[in-house]
Every structure is written in C-alpha cells, then in structure tokens.
Peer 1: 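Here it is: the structure, laid out below.
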Amino acid sequence: MYRTHTCGELRIDHVNTEVTLSGWVQRIRDLGAMSFIDLRDRYGITQLVVDENTDKAIADQLDELGREFVLQVKGLVRERSSKNKNIPTGEIEIALNEIKVLSAAELPPFTIQDDTDGGDDLRMKYRYLDLRRNPVRENLVLRAKMAHAVRSYLNAKDFIETETPVLIKSTPEGARDFVVPSRMNPGEFYALPQSPQTFKQLLMVAGFDRYYQIVKCFRDEDLRADRQPEFTQIDCEMSFVEQKDVLEMFEGLTRHMFKEVLDVEVTEFPWMPYSEAMEKYGSDKPDTRFDMLISDITETVKGKDFVVFDSAEYIGAICAKGCAEYTRKQLDALTNWVKRPQIGAKGLVYVKCNADGTFKSSVDKFYSEEDLKLWAEQTGAEAGDLILVMSGDRKHMLDALGELRLEMANQLGLRDKNVFKPLWVVDFPLLEWDEDSQRFYAMHHPFTAPKPEDISLLDTDPGKVRANAYDLVINGVEIGGGSVRIFNADLQAKMFDKLGFTPEEAEAQFGFLMNAFKFGAPPHAGIAFGFDRLVSMFAGEDTIRDVIAFPKNNSGRDVMIDSPAPIANAQLDELNLKLDLKEKK
RNA sequence: GGUGGCGUAGUUCAGUUGGUUAGAAUGCCGGCCUGUCACGCCGGAGGUCGCGAGUUCGAGUCUCGUCGUCACCGCCA
C-alpha cells in the first residue's frame, strides 16, 4: 500500500495516527537541526518534519532529496506547535520515521507553484509539469465537472449520447479538412469531421429524437487564442421542434451549468436580431455587459461642408461615458489605434462634452455648438462624456466602431469577468455573397432552413433571406450556434442549387442525406456549443489552451511530442503517397 | 498569406545616445541556523545577448534577412 491518506486530508482529528503518504517534494526548509518538507499531491500539501537529534538517519537522507522527488513516507500525525492558518492541513504535521524515494527527479525547468516563473512555450514543452500546478489542474477539474453537468442535464431530458465516426469524407463547404490517406483504398482519403453535422441529422431520420455528444471536431484553419485545430463541441440535435423549443432547452442547459458549476444565477436570455446586433454593437457577437451603443448620425452631420462626412456612406458614433477629460495624447493614441491595418479606419473625430455644457471637437471649424448639441442628443452624451465618430462605408465602419467600443470598454474596465450576460442572436442571413468566387455561401451551413416567410425571396433576392439560425453569445464570445434544418429533399436540392452546386455535384457530395430525407424525415433542429470556450469563460481564462490538457501552439504544433512530424518512406509508400514539397520563397 | 510585439544567466526580466569587465530577482550549489511554512543569514557558480549578414573605430543596442513564440487581420462556427 503506497498510502493510507492523501496529502490534503489529514486534520487535527488524526493526531496520533500512524500514516503513510506518497507525493512530490514541494519544498524543503532546512533549519539546521530540524527540517520541514512540504509533500504535495493533487489533493493538497502536508508538512513533514524531521528532528536531527532524534532521527539522525532520516535527517541524513534529506541531503539526497530535491524538489519534485516522489516519496513514500511513514510517520505519526501530531499537532503543530506553530500552526499555519493558510492551508487546510496547517494544524498538523507528520513526524517521520521512514522515507522511501519512489522516484528521483531532475531539477524542473520552472518551479511548480501557482505563480510560476515559466513562460508559455516552456510550460507547453513540459506540459506534464505545468499540469502539476494548481491553477492548470483546477481548470481541468472544472472542465470535467462541466462535462458532467452537461451529461446529467441532457440525460435527464432523454437525450441519447451517441458516438459518430471520426473517419468520414471531405466536403467542399466550410473549413479546410484534415485528411487521412486510406491504405486499403489507394488514392482515396478520409477526412476528419468539422462537426458531426450530417450524422446527427441522419440520427434524427433514424428516429433517435434527441441526440447529444461531447465530441472532438477538426478544422485545418489558422489558430487564435480561442481556436485550436482540434476542439470539443457539445453537439445536439432534436426532432419535432421549432427554434423556440431548442433555445429554451439550451438556455436551460446553460443556466443549469452556471448554477451547478459556478453557483451563478443568470437572467433570461434576450433574443436580438442579427441586424440589431450589427447596427448597435457592430458585431454578430455583442458584449452586452455594457451599453455604449453605436448611433447612426449620418443624416444629422451631413450638409455642413465637411467633405469627409458629406462624401461618406455612413457616419457612426459611440459615447464613452466620463471620458471628456481625455488628453490630446490619449486621443492621438486612439486615433492611431483605429488606423492600424487590423481596424483600417481613416481617422477618428471626437467631441468632448465639457462639464460646463460647452463642446470641444476636432471639427469645430465645420460645426457650431448647436450642431454638436444635436450629436450629443443623438448619442445620449451628457456633460463629461466623449463622443467618438467614424465615417466611411457602412459595413466597414460598423465593424470598426464595434472594435472601438470594445477597446474603450477595456480601457474603462467595463468587461468584468465575473459578470455574465448571455443572449441569443437570431435571424442570421441565410446566405453570404463572396466577391472572390462570385457566388453565395451558406453563412451557417447548407442544411440550415430559411425562415418560411422568406422562402419566396430565395429566387428574387437570395441575400435578403433570413435563416432560422441562432447563436448563443455570452460576454461577446460566441459560445454556440445552430439552426432549424431543412428536412425536405426538394428544398435541400434548391439550396444546393443556390450555392452553385450542379445536381450531380450535390448528389455526389450529399446524396446520402437527400436520399435519407426521402424515407420520412422528421422536422428537426440542433445546436453545438464550443465546449473549450465555455470552460475558459467559466475559468476566467483568456485562451482555451489553458483549459485543454495537451494543447497545440499558434502554428498547430504540439511542442511536447513535437508533432506534426515527417513519416518514414515505407509508410508513404504503403499509402501510395509521394511528397512534392514546394520551395519556400 | 499579412501586420505588430517579444527573444539577454536554469527561469522571469532590466540594460540610457552605439562606448570599459552585460546586471537584478528568483532558482541552483556550499556553509550556518530547533518551529519554519515564499524560512532567515553568509558565500559561490552560472551568459553563443535566438541565428546569419551588414553599417561602424566600436553593436545586447542601428539595418536587412532568417528561425522561434505570442496577439491580431485574412481564413474559420
């Protein structure tokens, strides 16, 4: 038996018990004739004590030990003469009578403590050491707890957890696929699923009625702090439901998780049309923890001989509360910020609403106090506020104002990680025009149903068709999304036609699905949550890497196992593959 | 594919206008210490300034290239 107790469980009640503990050496404090060892495992830290006068042999053993050695120790629990109120085991210590080194340890490249001295890449390379640290381990414990909460909620609602295949086939829509060569079928490839989309729809055709899965998905696209090449979704589908039924069910799931895991009650989720999100927040994933809404002041500001505004398609503004005192330096910094290529604005106009009721703007030459007063009324600005104005083409400026809004909120500390504001964004456009390829793409995916009242627009004005699609957004993060699906073979065929597929192409790519719809498909709808993002939000982390046990870096590499890696020629040969690497410029 | 930040001791970082022998903290090693718990005190070791070219009398510092890493845009539900 390696241990009778863990390093986190002994208390004052255990005094005079003979115990055996196993764990890692956190730290040794050598006071001369007396030494203390902090022994750590996942449950906590227990102090071991050795007195050189009474235990000379054991004291000598301490010289051999170092940080992160794995020990098995035996001894008697006793009350400390000076207690540590900061840790749960702080009232007791173990007077050792035996130390056994189970495993020696080299000096770790960074110290295993809550505030580590290790940088990100070093921590990634030695991820198994990083995982010994409390904050990282706690994130993964949280993740396990959340997965458990998902299962208990959905199981109680009669959802059937079903696995779907990982080796499937590549399809032209959506993200780039990861592909896997098939040895038994020379020249052919599997693809890893971007999501189990078609399979869950087929499960509905199969009459499963309610399906879910916590499942890995794969997308071969460039990475971000919130994007990994393999990531986890809570994937769900339901039959005989309308949009409202799905939103209620998954609002319930979300609220259940907040309550179970964080003990947080969240309010009912408002529904916001996509068009409103874009116009008021400049984003399809609005952060509603704060207002600072975008105002369209195009009509108000035109016609005063300010050529920049007069020639602009759109002029929009936000009001930053209490920022009238911003200095020239701060305003210049903001201007430079919006002029960066990532935002791409031409400039920034400001209006300071002074405490005395007067206005000071960067366009005083063109606008009177009376004019500026109108701006203030329209943007809801009061004395002490700062109005920030941008002009240009509508789509681009809404986007830029949305980014500026978030930046100002950051500067003003309005994005509190402990406040959660969920909402549903609904009525997304069904199709999106792509200039490069001169064709429509499905904004969600090709199986999304148009709103019934918009179906007639499919032939006349496809870009105007709204979809029965919805996103769950919390604090400006897209947590999940889904849609009511097409369940009629004819309508599905029409969709493929609008997306530029010939009937033959549609048949070759998705014939199995349209075929299935001919055998009695129930109306159905579904949703998928980005599990990693949800966990990182609950954990208060900025990147999903912090809630994944073994994540990949920015370039899609696992620096611990050093993957991806070349394979042997024999392997390539077996797969009938030859490399033709392109020269780097 | 693009824009920007970073790369200096095991680690986290500082390093002035380009100027003598590149510093701090922490960790590590040695010594002392019986109530520590981020123990304390004394001493010591530890550097290809990512790599390569260039400018210069002189480069950690400036320029170009390259590699790595991070953030973002494009891309991606």
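Owing to the predicted nature of the structure, the values given are computational and were not obtained by experimental measurement. In what follows, every chain begins at residue 1, and chains take the letters A, B, ... in the order their sequences are listed.
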Peer 1: Nearest-Å distance, CZ (A:F69) to P (B:C28)?
Peer 2: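 Whole-Å distance recorded here is 12 Å.
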Peer 1: For B:A59 versus B:A22, give the span between their P atoms, rounded off to a whole number of Å.
Peer 2: 14 Å
Peer 1: By the 4.0 Å heavy-atom rule, please label A:R40 as base, sugar-phosphate, or nothing.
Peer 2: nothing
Peer 1: In whole Å, what is the span from the CD atom of A:E52 to the P atom of B:C32?
Peer 2: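 A:E52 atom CD is separated from B:C32 atom P by 10 Å.
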Peer 1: Rounded to whole angstrom, note down the C1' distance from B:G15 over to B:U8.
Peer 2: 9 Å
Peer 1: For A:R557 and B:C67, what is the distance between atoms CZ and P respectively, to the nearest whole Å?
Peer 2: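 Checked: the CZ to P distance equals 14 Å.
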Peer 1: Would you mind listing every ring pair (Phe, Tyr, Trp, His ring centres under 6.0 Å) that reaches into residues 531-553 of chain A, with sequence neighbours excluded?
Peer 2: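 Passing the test, one end in residues 531-553 of chain A: A:F258-A:F538.
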Peer 1: Partners of A:D222 by side-chain hydrogen bond (donor to acceptor under 3.5 Å, both in side chains), sequence neighbours excluded?
Peer 2: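 A:D222 satisfies side-chain hydrogen bond (donor to acceptor under 3.5 Å, both in side chains) with no residue once adjacent residues are dropped.
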Peer 1: Just how far, in rounded Å, is P of B:U36 from CD1 of A:I92?
Peer 2: 17 Å
Peer 1: Considering only the P atoms, how many Å lie between B:C42 and B:U26, rounded to the nearest integer?
Peer 2: 12 Å
Peer 1: Could you state the CD-P distance from A:E407 to B:G4, rounded to the nearest angstrom?
Peer 2: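 It is 18 Å, rounded to the nearest whole Å.
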Peer 1: When you check every protein heavy atom under 4.0 Å of nucleotides 72-77 of chain B, what one-letter string (B, S, -) results, 5' to 3'?
Peer 2: BBBBBB
Peer 1: Under 4.0 Å, counting only non-hydrogen atoms across every strand here, what does A:K83 touch: a base, just sugar-phosphate, or nothing?
Peer 2: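 Touches a base.
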Peer 1: Any base atoms under 4.0 Å from A:G66, or only sugar-phosphate, or nothing? Heavy atoms, all strands.
Peer 2: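 Here A:G66 touches no strand at all.
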Peer 1: So A:S195, base contact, sugar-phosphate only, or nothing? Heavy-atom distance under 4.0 Å.
Peer 2: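 The answer is nothing, as A:S195 stays clear of every strand by at least 4.0 Å.
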Peer 1: Determine the contact category for A:F36: base if any of its heavy atoms lies under 4.0 Å from a base atom, sugar-phosphate if only primed atoms, P, OP1 or OP2 are that close, otherwise nothing.
Peer 2: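 Answer is base: heavy atoms of A:F36 come under 4.0 Å of a base.
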Peer 1: Given the C1' atoms of B:G1 and B:G74, what is the spacing between them in whole Å?
Peer 2: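 Going atom to atom, C1' in each nucleotide, I get 8 Å.
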Peer 1: Quick one: does A:D427's side chain get under 4.5 Å of A:Y470's, heavy atoms only?
Peer 2: no
Peer 1: What residue among A:I318, A:V338, A:T335 forms side-chain contact (heavy atoms from CB on, under 4.5 Å) with A:L388?
Peer 2: A:I318
Peer 1: Would you compute the distance between atom CD of A:E68 and atom CD1 of A:I112 and round it to the nearest 0.5 angstrom?
Peer 2: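 Atom-to-atom, A:E68:CD and A:I112:CD1 are 4.5 Å apart.
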Peer 1: Closest to the A:D121 side chain: B:U69, B:C28, B:G35?
Peer 2: B:U69
Peer 1: Go through the side-chain N and O atoms of A:Q228 and A:D532 and say whether any donor and acceptor fall under 3.5 Å apart.
Peer 2: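 A:Q228 vs A:D532: no donor-acceptor pair found between side chains.
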Peer 1: How far, in whole Å, is B:C62 from B:C70 if one measures between their C1' atoms?
Peer 2: 25 Å
Peer 1: Return yes when atom NZ of A:K421 has more than 12 non-hydrogen atoms of other residues, nucleotides or ligands closer than 6.0 Å, and no otherwise.
Peer 2: no
Peer 1: According to a strict under-4.0 Å criterion, is A:T111 in side-chain N/O contact with OP1 or OP2 of B:U11?
Peer 2: no
Peer 1: What residue among A:I28, A:D30, A:L62 forms side-chain contact (heavy atoms from CB on, under 4.5 Å) with A:V50?
Peer 2: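 Considering A:I28, A:D30, A:L62, a side-chain contact (heavy atoms from CB on, under 4.5 Å) with A:V50 is found only for A:L62.
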Peer 1: Please convert RNA chain B into dot-bracket. A pair counts if it is Watson-Crick or G-U wobble with both distances under 3.5 Å; crossing pairs go in [ ] and bases paired with another strand get |.
Peer 2: (((((((..((((.....[...)))).(((((.......))))).....(((((..]....))))))))))))....
Peer 1: Where along nucleotides 38-47 of chain B does protein come under 4.0 Å, by heavy atom, of base (B) or sugar-phosphate alone (S), with - for untouched nucleotides?
Peer 2: SB--------
Peer 1: Considering only heavy atoms from C-beta outward, does the side chain of A:I527 approach that of A:E237 to under 4.5 Å?
Peer 2: no
Peer 1: If you assign each of A:V559 and A:L107 to its closest nucleotide in RNA chain B, which residue comes earlier from the 5' end?
Peer 2: A:L107
Peer 1: Write down the distance between CE (A:M124) and C1' (B:G68), rounded to a whole number of angstrom.
Peer 2: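 Distance, rounded to whole Å: 14 Å.
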Peer 1: How are the rings of A:H445 and A:F447 set relative to one another: parallel (under 30°), tilted (30 to 60°) or perpendicular (over 60°)?
Peer 2: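 Plane angle between 30° and 60°, so tilted.
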Peer 1: Roughly how far apart, to the nearest Å, are B:G7 and B:C13 at atom C1'?
Peer 2: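 Their C1' atoms lie roughly 12 Å apart.
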Peer 1: Please measure how far the C1' atom in B:G40 lies from the corresponding atom in B:G58, and state the result in whole Å.
Peer 2: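 Nearest-Å result for B:G40 against B:G58 at atom C1': 46 Å.
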Peer 1: Using a heavy-atom cut-off of under 4.0 Å over every strand shown, decide if A:D220 touches base, sugar-phosphate, or nothing.
Peer 2: nothing
Peer 1: In whole angstrom, what separates A:W337's CH2 from B:G5's P?
Peer 2: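 It works out to 17 Å between those atoms.
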Peer 1: Let's test your reading of the model: under 3.5 Å, does the base of B:C70 pair with the side chain of A:R545 as donor and acceptor?
Peer 2: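 Not at all, since no donor on one side and acceptor on the other fall under 3.5 Å apart.
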Peer 1: Is there a side-chain polar atom (N or O) of A:R67 under 4.0 Å from OP1 or OP2 of B:C28?
Peer 2: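 Looking at the OP1 and OP2 atoms of B:C28, one of them is under 4.0 Å from a side-chain N or O of A:R67.
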Peer 1: What's the CG-P distance between A:D63 and B:C32, to the nearest Å?
Peer 2: 11 Å
Peer 1: Can you list the residues that meet the side-chain contact (heavy atoms from CB on, under 4.5 Å) rule with A:R27, with sequence neighbours excluded?
Peer 2: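 Partners of A:R27 by the side-chain contact (heavy atoms from CB on, under 4.5 Å) criterion, ordered by chain and then number, come out as A:R29, A:D38, A:Q113.
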Peer 1: Under 4.0 Å between any heavy atoms, over every strand shown, what does A:L122 touch: base, sugar-phosphate, or nothing? Just pick one.
Peer 2: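 Sugar-phosphate: the residue A:L122, judged by heavy atoms under 4.0 Å, touches backbone atoms but no base.
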Peer 1: Given side chains that start at C-beta, do those of A:Q197 and A:R485 come closer than 4.5 Å, heavy atoms only?
Peer 2: yes
Peer 1: Between B:U12 and B:G19, how far apart are the P atoms? Round to whole Å, please.
Peer 2: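 Those two atoms are separated by 26 Å.
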Peer 1: Between A:F496 and A:F510, does the ring centroid distance fall short of 6.0 Å?
Peer 2: yes
Peer 1: When you compare the side chain of A:F269 with that of A:E248, does any pair of heavy atoms fall below 4.5 Å?
Peer 2: no
